[in-house]
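Structure record follows, encoded as structure tokens.
Predicted model only: the values in this text are computed from it and were never measured. In what follows, chains are A, B, ... by sequence order, proteins preceding strands, each numbered from 1.
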Amino acid sequence: MPELPEVETVARQLAPALTGRRVVAVQVFDPKIDPASLEPLIGRTITAVRRIGKQVGIGFSQPGIPEAGPWLCIHLRMTGRLAWAPDCRQPPVAPLRVRFRLDRGALLFHDTRRFGTLTLYPTLRDATPAGIDPTGRAFTPARLTAWLAQSASPIKVWLMRQDRLVGLGNIYVSEALHRAGIHPARPARSLSFDEAARLHKALRLILRSAIRCGGTTIFNFENAVGAAGQFQRRLRVYGREGDPCARCRTPIQRLVQQQRSTFFCPTCQH
DNA sequence: ATTATATCCTGATCGC
DNA sequence: TGCGATCAGGATATAA
């Protein structure tokens with residue numbers, strides 16, 4: 001499922017149910033995951049749940065130093081789902097990989113394709129990626145322009161990498177480029193300052209709007225309470241090959257960049 | 001140093 | 001209806 005708005009949605013939904021809960025046991029149902037790696041969490045209390053880049057971060061208590069405990073980062077990749085369940089005694093079924101039994105209910109990690117990852121970091125600082133969050137204050141038009149000037153990559157490919165801006169994926173990159181009127185194959189360094197500023201604005205607008213909608217559901221994204229997102233109704237190009245552009249009626253085209261589909265309007269985007 | 005390809009997995013969908 | 005090929009919102013290791 002998950003790009004930034006979907007992960008933000010899940011983290012916000014889980015926070016009230018998980019904060020203050022104590023981990024009673026961790027059950028691992030997938031041989032790809034080493035149960036010993038999660039053992040340090042047993043007995044600890046959850047102090048915070050928040051999105052960190054494209055991951056759901058869960059902060060834990062440290063006896064004596066409540067704010068300095070370890071953080072568990074869960075990357076959902078393509079098919080991961082997190083949900084709180086009131087009953088922790090249900091028999092585990094198919095895509096369930098890990099169940100964290102809590103003093104009230106349980107946190108379930110389902111993941112059909114098993115691409116998702118669980119990583120335990122000693123502190124929040126260790127769990128924080130080097131790149132910056134596109135919804136945060138550090139992301140400015142000047143910052144974006146300076147970065148783009150250094151790269152000959154197609155702008156679409158550049159936006160997808162996670163070492164500068166953290167959290168963008170295939171859907172929102174296509175949508176933001178369309179809104180900004182920029183062709184996805186343009187070399188990053190060919191964008192003018194005005195174009196970079198337009199792209200900056202489009203990215204923030206799209207992300208904010210998608211978070212308000214609870215994310216996008218295309219295949220099987222479900223948020224933490226099992227509901228679908230609503231942003232798919234607002235997609236203007238993603239998955240709409242052949243449909244008329246909402247602005248100029250030209251049929252939307254699809255191209256492949258790095259084995260990923262990119263959707264764009266050949267008239268509106270230059 | 002960038003930039004392509006292969007790979008991790010499973011399930012839904014497409015075309016014949 | 002059945003069956004193999006293809007594709008899927010991610011990211012990394014390896015190759016070129």
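Only the P atoms considered, B:dA1 is 23 Å distant from C:dA11, to the nearest whole Å. Across C:dT12 and B:dG11, the matching C1' atoms stand 23 Å from one another, rounded to whole Å. Annotation: C:dC7 and B:dT5 have their P atoms spaced 14 Å apart (nearest Å).
No donor-acceptor pair under 3.5 Å is formed between the side chain of A:R114 and the backbone N or O of A:D30. Looking at A:R249, its side chain never comes within 3.5 Å of a backbone N or O of A:P244 through a donor-acceptor pair.
Taking only side-chain nitrogens and oxygens, A:Y238 comes nearer than 4.0 Å to OP1 or OP2 of C:dG9. Contact check, A:T79 against C:dA8: no side-chain N or O comes under 4.0 Å of OP1 or OP2. In this model, the phosphate group of C:dG9 is not approached by any side-chain N or O of A:K54 to a distance below 4.0 Å at OP1 or OP2.
Between A:R254 atom CZ and C:dG9 atom P there is a gap of 10 Å when expressed in whole angstrom units. A straight line from CD1 of A:I171 to P of C:dC7 spans 18 Å, rounded to a whole angstrom. Atom CD of A:Q150 and atom P of B:dT2 are 8 Å apart (whole Å). Following rounding to the nearest Å, A:M160 (CE) and C:dG9 (P) show an atom-to-atom distance of 8 Å. The nearest whole Å value for the distance from the CD atom in A:E241 to the C1' atom in C:dG9 is 17 Å. Between the NE2 atom of A:H75 and the C1' atom of C:dG9 there is a distance of 11 Å, rounded to whole Å. As rounded to whole Å, 11 Å separates atom P of C:dA11 from atom CG of A:L76. One atom, CD of A:Q257, and another, C1' of C:dG9, lie 16 Å apart when rounded to the nearest Å.
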Problem - Chi angles and distances behind the salt bridge (Lys or Arg N to Asp or Glu O under 4.0 Å) call for A:R12, A:E8 - result: CA-CA 6 Å; A:R12 286 185 189 179; A:E8 179 76 34; 2.8 Å; yes

Practice task
Could you please spell out the steps behind the side-chain hydrogen bond (donor to acceptor under 3.5 Å, both in side chains) verdict for A:D133 and A:T135?
Solution key: CA-CA 5 Å; A:D133 196 285; A:T135 64; 2.5 Å; yes

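For B:dG15, the paired base is C:dC3 (Watson-Crick or G-U wobble, both distances below 3.5 Å). Nucleotide B:dT5 forms a pair with C:dA13, judged by Watson-Crick or G-U wobble geometry with both contacts under 3.5 Å.
In terms of position on DNA chain B, the residue among A:Q259 and A:A152 whose nearest nucleotide sits closer to the 5' end is A:A152.
Between A:Y238 and A:F231, the ring centre distance reaches or exceeds 6.0 Å.
Stacking between A:F115 and C:dA11 is absent: the ring centroid is not both under 5.5 Å from the six-membered base ring centre and under 30° in plane angle.
Side-chain atoms of A:R260 lie closest to C:dG9 of the nucleotides C:dA11, C:dG9, B:dT10. Listed nucleotides C:dG10, B:dT10, B:dA6 differ in distance to A:T112; the shortest reach to its side chain belongs to B:dT10. For A:E6, the side-chain atoms get nearest to C:dG9 when compared with the rest of C:dG9, B:dT10, C:dA11. Side chain of A:N170, nearest nucleotide from B:dT3, C:dG10, C:dA8: C:dG10. Nearest nucleotide to the side chain of A:P2, out of B:dA6, C:dG10, B:dC8: C:dG10.
In this structure, A:S153 reaches the sugar-phosphate backbone alone: every heavy-atom distance under 4.0 Å involves primed, P, OP1 or OP2 atoms, never a base.
Annotation: side chain of A:L72 is not in contact with side chain of A:R44 (no heavy-atom distance under 4.5 Å).
Taking 3.5 Å as the limit, the base of B:dC9 and the side chain of A:R113 contain a donor-acceptor pair of atoms between them.
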